[in-house]
Visitor: 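Sending over a structure as structure tokens; questions will come in a sec.
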Amino acid sequence: MKTDDLIVDLARQATPVTPLASPAVRLGRWGAGMVVFAGAAVSALGPRQDLFDALRQPVYAARLMTTLSTAILAAAAAFVLSVPGAERSRVQRVLPWVALGGWAVLLAALLVSGGDPVARVLAFPVNWPCGYKILGFSLISGTALFVALRRAAPLERLWTASVAALAATAFGAVATQFVCPVDDPAHQLVGHVLPVIVLAAIGTAIGVRSLDGVRR
Amino acid sequence: MRLAQTGDQGAYASLLVLLTRVARQFVRQRLGAVPWVDDAVQETLLAVHGARHTWDPSRPFGPWFHAIASNRMIDVLRRERRVRSREVGTDLEPEVAGVAAAAEPDDIDVEAIHAAVAALPARQRQVIEGLKFQDQSVREVAGRLNMSESAVKVTAHRGYRALRKLLGGSDRED
């Protein structure tokens, strides 16, 4: 096909379009939706008994903040990457992984300070319901996120899918922390961080395919 | 682009003409006079069309367009390298068959061409019939056969090469 013919063809298809809202606005909408969803789901599942006391504990608050930062930074990067030319710096796509590392390092430090770290991790203190909850929360938030991303035009599918999958799973981990009563860093590492990494990898593989059909 | 987003087809056509020049220059500046410049330009125009709702009128147009052009150029470059690493002479343009036909109208054996096309593998036959006999665009063929536009182009390339061989010519391109 000749380029001139293509131009005529495309111009003929130029129907009015509504400009997409900015990444910040779309992030806000997704975040608001997820807060409502998480609030309802945590209420339905039953929050941990000592939630308000736990929120006042620096360790619990720090753990929650690093997980939340991972989710927010990853979702922000995903929305930015879905719009051509919107990314100001490549640091933006790396930050979520730094936050994920910070979360893992924090837990590792807590584990080491508690003594006998290797044996505690090798005991594989997985509380399966935590894994299911992370999976459930991630599926809902991830689906909503990928639907939103497909409305844009992500050029770098692998990067977009990976940060989006990380956002969804980290969000799942945030919501699960309101329910999970186990504060042992070994459990948090094996039962929360590990599922987030595994599910993010799986989500990336699926997400790349879901972004495949998006016109770029 | 602002007008194009409101559905102004004239303004959009003017913009695409301008972007064609810019995209062509963009590719040539970075990669020189590669034979697939038009492929990269067309892919860029298609991507601009598909992503036109993502341009925010309050933001500059340049970075938005260059991100698309750069991405498309890299994708086409990768594809070309991949195809070239597997095949010999895959840079035959789909139009070449038509050009050759126009240049030598008396030498055409229509029946032989139809017989050769009929002998092609099903996918290649469907693509070539769509592009050449039914005068469909790459996009239309892609939509009809549920293929990507890139896959249609690659299949067409292979089909033309096979046709040359079937019609007694060399399968290598000059």
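No hydrogens, no waters, no symmetry mates; every other heavy atom, side chains included, goes into these values. All chains are named by letter (A, B, ...) in the order of the sequence lines, taking the proteins before the strands, and each is independently numbered beginning at 1.
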Visitor: For A:T18, is it the side chain, the backbone, both, or neither that has a heavy atom closer than 4.5 Å to a heavy atom of chain B?
Guide: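 A:T18 touches chain B through backbone heavy atoms alone.
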Visitor: In sequence, state the C-alpha distance, the side-chain angles, and the governing distance for A:L20 and B:D56, and then conclude on side-chain contact (heavy atoms from CB on, under 4.5 Å).
Guide: CA-CA 7 Å; A:L20 200 67; B:D56 180 349; over 6 Å; no
Visitor: Heavy atom to heavy atom, less than 4.5 Å: which residues from residues 3-15 of chain B reach chain A?
Guide: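 Listed by number: B:A4, B:Q5, B:T6, B:G7, B:Q9, B:Y12, B:A13.
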Visitor: CG of A:D9 to CG of B:L46: how many Å apart, nearest 0.5 Å?
Guide: 8.5 Å
Visitor: Under a 4.5 Å heavy-atom cut-off, does chain A meet the side chain of B:W64, its backbone, both or neither?
Guide: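 Contact with chain A: backbone and side chain both.
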Visitor: Where on A:E87 is there a heavy atom nearer than 4.5 Å to chain B: the side chain, the backbone, both, or neither?
Guide: neither
Visitor: Between A:T15 and B:R52, which heavy-atom pair has the shortest distance, and what is it?
Guide: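 Taking A:T15 first and B:R52 second, the nearest heavy atoms are O-NH2, 3.2 Å.
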Visitor: Evaluate A:L10 against B:R139 for side-chain contact (heavy atoms from CB on, under 4.5 Å), listing each step before the verdict.
Guide: CA-CA 11 Å; A:L10 293 179; B:R139 170 186 292 208; 3.1 Å; yes
Visitor: Non-hydrogen atoms of chain A under 4.5 Å away: do they reach the side chain of B:P60, the backbone, both or neither?
Guide: neither
Visitor: Select one option (side chain, backbone, both, neither) describing which atoms of B:R24 are under 4.5 Å from chain A's heavy atoms.
Guide: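 Only the side chain of B:R24 comes within 4.5 Å of chain A.
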Visitor: According to ring-ring contact (aromatic ring centres under 6.0 Å, His included), does anything in residues 8-27 of chain A pair up with another residue at least two apart or in another chain? List the pairs.
Guide: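 Qualifying pairs, neighbours excluded: none.
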Visitor: Top residue by heavy-atom pair count (under 4.5 Å) with chain B, among A:P19, A:P16, A:G85?
Guide: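 Option with the top pair count is A:P16.
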Visitor: Give, for atom OG of B:S137 and atom CG of A:D5, the distance between the pair rounded to the nearest 0.5 Å.
Guide: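 Here the rounded value is 9.5 Å.
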Visitor: Going by side-chain contact (heavy atoms from CB on, under 4.5 Å), B:L16 matches just one of A:T3, A:I7, A:L6. Which one?
Guide: A:I7
Visitor: How far apart are the closest heavy atoms of B:H53 and A:R151, and which atoms are they?
Guide: NE2-O, 2.5 Å
Visitor: Taking all non-hydrogen atoms of both residues into account, name the closest pair between A:L155 and B:A67 and its distance.
Guide: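 What the structure gives for the nearest pair is CD1-O, 3.5 Å.
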Visitor: Got A:P84 and B:T54 here, is their nearest side-chain heavy-atom distance under 4.5 Å?
Guide: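 A side-chain contact under 4.5 Å exists here.
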